[in-house]
Colleague: 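Please read through the structure below; I'll follow up with questions.
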Number of protein chains: 2
Amino acid sequence: MNLKSSNVVNIANLRSSLKEHKTQELCLPLDLPEEDLHLLGSIVKKHYLLQPGEHLYNIGDPGKAIYAVRSGTIKTYIPTDQGDEQVLGFYLPRELLGFEALGHDQFNSAAMAVETSDVCELPFESLEKLYDQVKGLREQIDRLIGREFYNDHTMLLLLGKRHGEERLASFLLSISRRLQHRGFSPKEFNLTMSRRDIGNYLGLAEETVSRLFTRFQEDGIVRVERKHLTIHDMDKLQDLVEH
Amino acid sequence: MNLKSSNVVNIANLRSSLKEHKTQELCLPLDLPEEDLHLLGSIVKKHYLLQPGEHLYNIGDPGKAIYAVRSGTIKTYIPTDQGDEQVLGFYLPRELLGFEALGHDQFNSAAMAVETSDVCELPFESLEKLYDQVKGLREQIDRLIGREFYNDHTMLLLLGKRHGEERLASFLLSISRRLQHRGFSPKEFNLTMSRRDIGNYLGLAEETVSRLFTRFQEDGIVRVERKHLTIHDMDKLQDLVEH
DNA sequence: CGTCGCCTTGAGTGTTTTCAACTTTGGTGG
DNA sequence: CCACCAAAGTTGAAAACACTCAAGGCGACG
């Protein structure tokens, strides 16, 4: 696990990190009373400030915690012997990752920052101790585990049955919805991950993703400028998914 | 949820069911002391005897339990608006399904018997009450949840990065390994599910699966006779996966 | 201002799908 | 017991989709 970045935090980053921490506490997707969130905050002992390409955890690392993204984007993936990789998911602020280590000693996948990211660690052990004190915490965690299954299953359907067009449309809508949920614009945002990562996630070649973006733009569905994306026709995007 | 089959159990089935129950207790993939397994057995209130095509649960059903397969094969799948479906997994005896309902009120997928199957129900509620009494139970359940994630992620890699040949080889080895684990021959067994189901699971057309079986047989890797499969060259099968 | 990484575009190739016909099997009723 | 039917499986040919290989453009960074 990469702790380096925590040691080389520059002052500007640290200041903004502290300020953010103070105002909005933990960035958790949990619906709990203020004081309970405080309790949760108290079990966070480690923070990670990751630069693009740095690992949060790697395959084989001891899996004894889940992680909350406070800012940035984390991708999880399976590295293969053949050198390629399968991206399993992208995690945005206020999302939790690492559930797959439940009941295992080691991670079976890796997690890497796609952009500069701020992540905090919630050890399973501390979390379990809180279950008795914080009413509803277990249910909320269970709900997140169930959602993680749902996400994986949606992905299996996407990879097993859908064409490239539908996959990319589905991906864009997913990002859009999640950003909107956090109070950002659902129609205009930055794709923080590379085309290669997107393709890797969607089971498509990098070039195919690029071509699809071009086609979507020609059809007036979106406007793509490098990493910046504007959705012009949300309905058409939705139609592509349901096709 | 389909209870019909429990009401129309014929005497022969019932007798064999009871006998089996007596001798090998619950068919659980849990490593616990005898008396604890007894306790677990006591929370089973419902049994399902399902005929091929009958549902164990359907999408939208209240998800308040996990299920242990005692005999037969259960497939889980996502039905889509377009009429097609994505098979998520096959569950053999001694395997548990239904974790995805964790923390949700409803199932987001369906479970159907592929062949005549015997399944028992473990309500989440009863299970949670046992966590305090049975030491290590939570850890074991967590381990199974983690394994479920691992399976899903392996599947994502398979669908995202592998060709038909590698997918089918991987599938056959998975079945082989799981049967061997239960004490059956890893080299000779029946494929209880249809070609359509296999294709659906592997993200391939039914015809492609058929052609691949033919090719594997021509290459001397397996012998296929309808549902009966014999693996002649386990190494070559393994090579195909690792390619 | 040059280099490197990321992205785009084109051309050709390959795998898998689709459509269609045909075979085999298992069940049902005469 | 046999004939018939529906479901499951196989096979072939053509088409679709995405991939690979290759070249070139754009932008960030030193």
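Order of the sequence lines fixes the chain letters, A, B, ..., with proteins taken first and strands second; residue numbering starts at 1 for each chain.
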Colleague: Does B:Glu95 pair with B:Arg178 as a salt bridge, N-O distance under 4.0 Å?
Modeller: yes
Colleague: Within this structure, what is the CZ-to-P distance between A:Phe213 and C:dC6, rounded to whole angstrom?
Modeller: 16 Å
Colleague: Take atom CG of A:Leu212 and atom C1' of D:dC19, then tell me their distance rounded to the nearest Å.
Modeller: 13 Å
Colleague: Closer than 4.0 Å, any side-chain N/O of B:Thr214 to the OP1 or OP2 of D:dT11?
Modeller: yes
Colleague: Answer yes or no: is there an ion pair linking B:Arg167 with B:Glu165, defined by an N-O contact shorter than 4.0 Å?
Modeller: no
Colleague: Return the 5'-most residue of the pair A:Gly164, A:Arg226 with respect to DNA chain D, ranking by each residue's nearest nucleotide.
Modeller: A:Gly164
Colleague: Describe the nucleic acid contact of A:Gly203 in one word from base, sugar-phosphate, nothing, applying a heavy-atom distance below 4.0 Å.
Modeller: sugar-phosphate
Colleague: How close or far is atom P of C:dC6 from atom CE of A:Met193, stated in whole angstroms?
Modeller: 15 Å
Colleague: Could you check whether A:Lys75 pairs with A:Glu85 (Lys NZ or Arg NE/NH1/NH2 to Asp/Glu carboxylate O, under 4.0 Å)?
Modeller: yes
Colleague: Rounded to the nearest Å, what distance is computed from the CG atom of residue A:Asn190 to the C1' atom of nucleotide D:dA28?
Modeller: 15 Å
Colleague: By the 4.0 Å heavy-atom rule, please label B:Gly53 as base, sugar-phosphate, or nothing.
Modeller: nothing
Colleague: Look at the side-chain N and O atoms of B:Thr208 and state whether any lies under 4.0 Å from the OP1 or OP2 oxygen of C:dT15.
Modeller: no
Colleague: For B:Gln86 and B:Asn200, which heavy atoms make the closest approach, and how far apart are they?
Modeller: NE2-O, 3.1 Å
Colleague: From the options D:dC17, C:dC19, D:dA22, select the nucleotide whose nearest atom is closest to the side chain of A:His163.
Modeller: D:dC17
Colleague: Counting side-chain heavy atoms from CB outward, which of C:dT16, D:dT11, C:dC7 is closest to A:Glu206?
Modeller: C:dC7
Colleague: Name the nucleic acid region contacted by B:Ser194, choosing base, sugar-phosphate or nothing; use a 4.0 angstrom heavy-atom cut-off, strictly under.
Modeller: sugar-phosphate
Colleague: Is there a side-chain polar atom (N or O) of A:Arg195 under 4.0 Å from OP1 or OP2 of C:dT8?
Modeller: yes
Colleague: Could you state the CZ-P distance from B:Arg162 to C:dT15, rounded to the nearest angstrom?
Modeller: 16 Å
Colleague: Taking atom P of C:dT15 as reference, at what distance in whole Å does atom CD of B:Glu207 sit?
Modeller: 18 Å
Colleague: Using heavy-atom distances to pick each residue's nearest nucleotide on DNA chain C, tell me which of B:Glu165 and A:Ser210 is more 5'.
Modeller: A:Ser210
Colleague: Just how far, in rounded Å, is P of C:dT16 from CG of B:Leu168?
Modeller: 11 Å
Colleague: Taking atom types as they are modelled, would you say the side chain of A:Arg211 forms a donor-acceptor pair with the base of D:dT20 within the 3.5 Å cutoff?
Modeller: yes
Colleague: OP1 or OP2 of D:dG9 sitting under 4.0 Å from any side-chain N/O of B:Lys227?
Modeller: yes
Colleague: Quick one: B:Leu240 CG to C:dT15 C1', roughly how many Å, whole number?
Modeller: 16 Å
Colleague: So that I can tick it off, tell me whether A:Asp233 and A:Arg223 are bridged by a salt bridge, with the cut-off set at under 4.0 angstrom between side-chain N and carboxylate O.
Modeller: no
Colleague: Between B:Arg196 and B:Glu206, is there a salt bridge with N-O shorter than 4.0 Å?
Modeller: yes
Colleague: At less than 3.5 Å, do the side-chain atoms of A:Glu225 and the base atoms of D:dC26 form a donor-acceptor pair?
Modeller: no
